[in-house]
Amino acid sequence: MRVEGVRGMRDILPDETPLWQRLEEEIRELFSLYGYREIRVPIVERAELFSRGVGEETEVVEKQMYVFPDRKGLMLALRPEATASVVRAYVEHGLYAKGDLAKFYYLGPMFRYEKPQLGRQRQFHQYGVEAIGSPDPALDAEVMDLAWNLMERLKLRSEGLFLRVNSIGCRGDRPAYREALRGYLTAHEGELCPECRRRLETNPLRILDCKEEGCRALAREAPRSVDSLCPECRAHFDAVQAHLRELGLAHELDPTLVRGLDYYTRTVFELCSRDLGAQDALLGGGRYDGLVELLGGPPTPAVGFAGGMERLAIVVSAQGGGAPSSEPELDVYLVPIGDEARQEGMKLLAALRRRGIAADTDYMGRSLRKAMGVAGRSARRAAILGGDELSRREIKLKDLASGEERTIPLAQFRTDPIPFLR
RNA sequence: GGGAGCGUAGCUCAGUUGGCAGAGCACCGCGCUGUGGCCGCGGUGGUCGCGGGUUCAAGUCCCGUCGCUCCUCCCA
C-alpha cells in the first residue's frame, strides 16, 4: 500500500537543500548585522491567537487556517504566519520590561490551506524580522533597507525587483476612512458580492481586496487611505519616505496596497519580483503599532516583514544562483579489494572521519571498476586498499582529477591524513 | 473560490485511425578477472496517477477522482 504525501506539502530533496542552506545562512548572517536575534516560537498555537491577532475577518483566518481540537478539546491552529506568535512570546515573557527595542528574526514553516501552485504551497517557509518597541520612522526605513539588502546579497538583479509602499494610517484614522469607504461603497451596494455586502458592516477595508470582479472595479475608484491620514500619520509617512530617499532606496507609492492581515497600521510595503508569476511578492510587511496591546501587553509600536523561502529559492535559481555544484563532496572514496581489506578499510574510514575528512565507501557490492566510477563522481581521491597494499601495510591514493597515484604508509595516513590530501 | 492544461520506466519524453509498452539519460553486466571519465554490445526496470464505463480489444474514447502546472485570486 503506497501512501502519498499531502497536497500542498512538498519534499525538499537533497539536490535542493544546498540552495536552502545557503539562503538560510545569508539570511541569518544579514539579520545579525542589523542587530536581530533569532527567536523560535511553536508551530502550534491557540487558534484564538490568530483570530484575534491577525483578524477574524481576514482571508487567512477565515478560510486558510488549519484549525483542530486537541485531545481535551482546546482549539489549536498550525501557525499561518509568525508575527502573532512573536508578539505573544514578547508579551508572555515580559520582554517589554527591558525598556529597549526588541529585534527578533525567525525562520520556519507556516501553514495555509490554499490552492497550491508555483511559489504557493500549503506548508511553506517564511523568514522574517520583528522590531518591537519604537515608533521611529527611521526604523521603518531600516527594515526596508534590510529587505533590499538581502536581495543585493543574494545578487538578484535590481531591475527585476520593486518596492511598493503605502500608509494605511493609525487606528484613529480608521473610523474616518472606514466611513468614507463605507459611504462610497454603500452608494454602490448593488454592485458588491454578497460576501462584501456583509463586510460593509463588519470590515469594509477588506472589500478593497475582494476577488470578485464587481468589487474590484469599485475598489479602484474608492477613496484612498493616504488621503485621510491624521497629521501625525501623514508626518510619519513623509518621514519614512524621506529616510528611504536618504538611503537611496528606490520605491513607488501604491495607494491600493493593503496588507491582508488586520494588525497593520501606518506603513505597509511589499518587495516584488518580476521573475515570479502571479505570486510576485517576495516579502511583505509594515507597522503593527496596536498588536502588542491587543494581545495583552502595554501599548507598544512595532514594525517587521516576512518573506517566502520558496519564492526566494525560485528567483535565486532562475537567475543562476542555485546551480547545483557538480563538485565532489567527499575528500576520499575508499575502494577495498577483498574481505580482509574491507575490514581494515572500515577502521580507516572511522579514523578519517574522526579527523574531519569526508570519506565514504561502497556498500552495494560493486566491482572494483564500478566502485572507481562512483569514486570519480563523488570524491576528489580514491583510496585503493587491496592484498598487495595490505601485506606491505600501505594504501594507494589516486587523485581522481589528474589520475596521479602514490602509495603511502597506511598507519601514517590513518593518524595524520591531512598532509596527503593537499 | 472561479477557469484551463497535463499525469506513460528513477529522470526527460515519444506512442499514428482503439490492435504485442517505446527511446534517450540513469542503473546493472560484458568487452577490460586490481583502476573511474570515452567507446561498443547486452540487460534490469512499467498498478500507462487511481476507480469505474464503452468495446472482441483502451495508454488511446467517456465519466468520476487524486495529483501537478498555469491563469484568475490571495498572499510570503
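Here the structure is a predicted model, which is why all the values come from computation and not from measurement.
As a whole-Å value, the separation of A:Glu114 CD from B:rC74 P is 11 Å. Distance A:Arg381 CZ to B:rG36 C1': 15 Å, rounded to the nearest Å. Counting to the nearest Å, the P atom of B:rC70 and the CZ atom of A:Arg120 are 10 Å from each other. Rounded to whole angstrom, the span from the CD atom of A:Gln126 across to the P atom of B:rC74 amounts to 18 Å. At whole-Å resolution of the value, CG in A:Leu334 and P in B:rG34 are 16 Å apart. Summarising the geometry, the separation between CG on A:Leu150 and C1' on B:rA76 is reported as 13 Å, rounded to the nearest angstrom. Summarising the geometry, the separation between CZ on A:Phe124 and P on B:rA76 is reported as 8 Å, rounded to the nearest angstrom. One atom, CD of A:Glu62, and another, C1' of B:rC73, lie 15 Å apart when rounded to the nearest Å.
Contact of A:Asp280 with B:rC75 (side chain to base): a donor-acceptor pair of N or O atoms is detected under 3.5 Å. A donor-acceptor contact under 3.5 Å is not formed by the side chain of A:Arg259 with the base of B:rC74. Residue-to-nucleotide contacts include no donor-acceptor pair under 3.5 Å from the side chain of A:Gln121 to the base of B:rA76.
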- request: Please step through salt bridge (Lys or Arg N to Asp or Glu O under 4.0 Å) for the pair A:Glu394 and A:Arg392, ending with a clear verdict.
  value: CA-CA 5 Å; A:Glu394 291 175 337; A:Arg392 289 193 288 270; 3.3 Å; yes
message: Walk me through whether A:Glu293 and A:Arg171 qualify under salt bridge (Lys or Arg N to Asp or Glu O under 4.0 Å).
response: CA-CA 12 Å; A:Glu293 188 177 12; A:Arg171 243 186 319 177; 3.5 Å; yes
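A salt bridge does not link A:Arg381 with A:Glu405: every distance from a Lys NZ or Arg NE/NH1/NH2 to an Asp or Glu carboxylate oxygen is 4.0 Å or more. Taking 4.0 Å as the cut-off between side-chain N and carboxylate O, A:Glu270 and A:Arg164 count as a salt-bridged pair.
Base engagement by A:Gly403 is indicated by at least one non-hydrogen atom pair under 4.0 Å involving a base atom. A:Leu261 comes within contact range of the sugar-phosphate backbone alone, with a heavy-atom separation under 4.0 Å but no base atom that close. Residue contacts for A:Ala375: at a heavy-atom cut-off of 4.0 Å it reaches no nucleic acid atom on any strand shown. Within 4.0 Å (heavy atoms only), A:Glu405 reaches at least one base atom of the nucleic acid. Among the atoms of the strands shown, only primed sugar atoms or phosphate atoms (P, OP1, OP2) are found under 4.0 Å from some heavy atom of A:Gly284. At the heavy-atom level, A:Leu283 lies under 4.0 Å from the strands shown only through sugar-phosphate atoms. Counting any heavy atom pair closer than 4.0 Å across all strands shown, A:Gly5 reaches no nucleic acid atom.
Of the candidates B:rG34, B:rU69, B:rA76, B:rU69 carries the atom nearest the A:Leu118 side chain, counting heavy atoms from C-beta on. Closest to the side chain of A:Gln117, out of B:rG34, B:rC70, B:rA76, is B:rC70. Closest to the side chain of A:Gln64, from the set B:rA76, B:rC74, B:rG36, is B:rC74.
Pair check for B:rA23 finds B:rU12; Watson-Crick or G-U wobble, both atom distances under 3.5 Å.
Positionally, the nearest nucleotide of RNA chain B for A:Glu404 lies more toward the 5' end than for the other of A:Leu271 and A:Glu404. Where A:Ile337 and A:Gly285 meet RNA chain B, the nucleotide closest to each residue was compared, and A:Ile337 sits on the side nearer the 5' end.
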Nucleotide N/O to protein N/O under 3.5 Å, stretch nucleotides 3-7 of chain B:
none

Any N/O pairs under 3.5 Å between the protein and nucleotides 26-32 of chain B? List them or say none.
from: B:rC27; atom 1: OP1; to: A:Arg377; atom 2: NH1; distance (Å): 3.2
from: B:rC28; atom 1: OP1; to: A:Arg366; atom 2: NE; distance (Å): 2.8
from: B:rC28; atom 1: OP1; to: A:Arg366; atom 2: NH2; distance (Å): 3.2
from: B:rC32; atom 1: O2'; to: A:Arg369; atom 2: NH2; distance (Å): 3.3
from: B:rC32; atom 1: O2; to: A:Arg369; atom 2: NH1; distance (Å): 2.6
from: B:rC32; atom 1: O2; to: A:Arg369; atom 2: NH2; distance (Å): 2.5

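By the salt bridge (charged side-chain N to carboxylate O under 4.0 Å, His left out) test, A:Glu26 pairs with A:Arg153, sequence neighbours left out.
One finds the CZ atom of A:Phe162 at 9.5 Å from the CH2 atom of A:Trp148 (value rounded to the nearest 0.5 Å).
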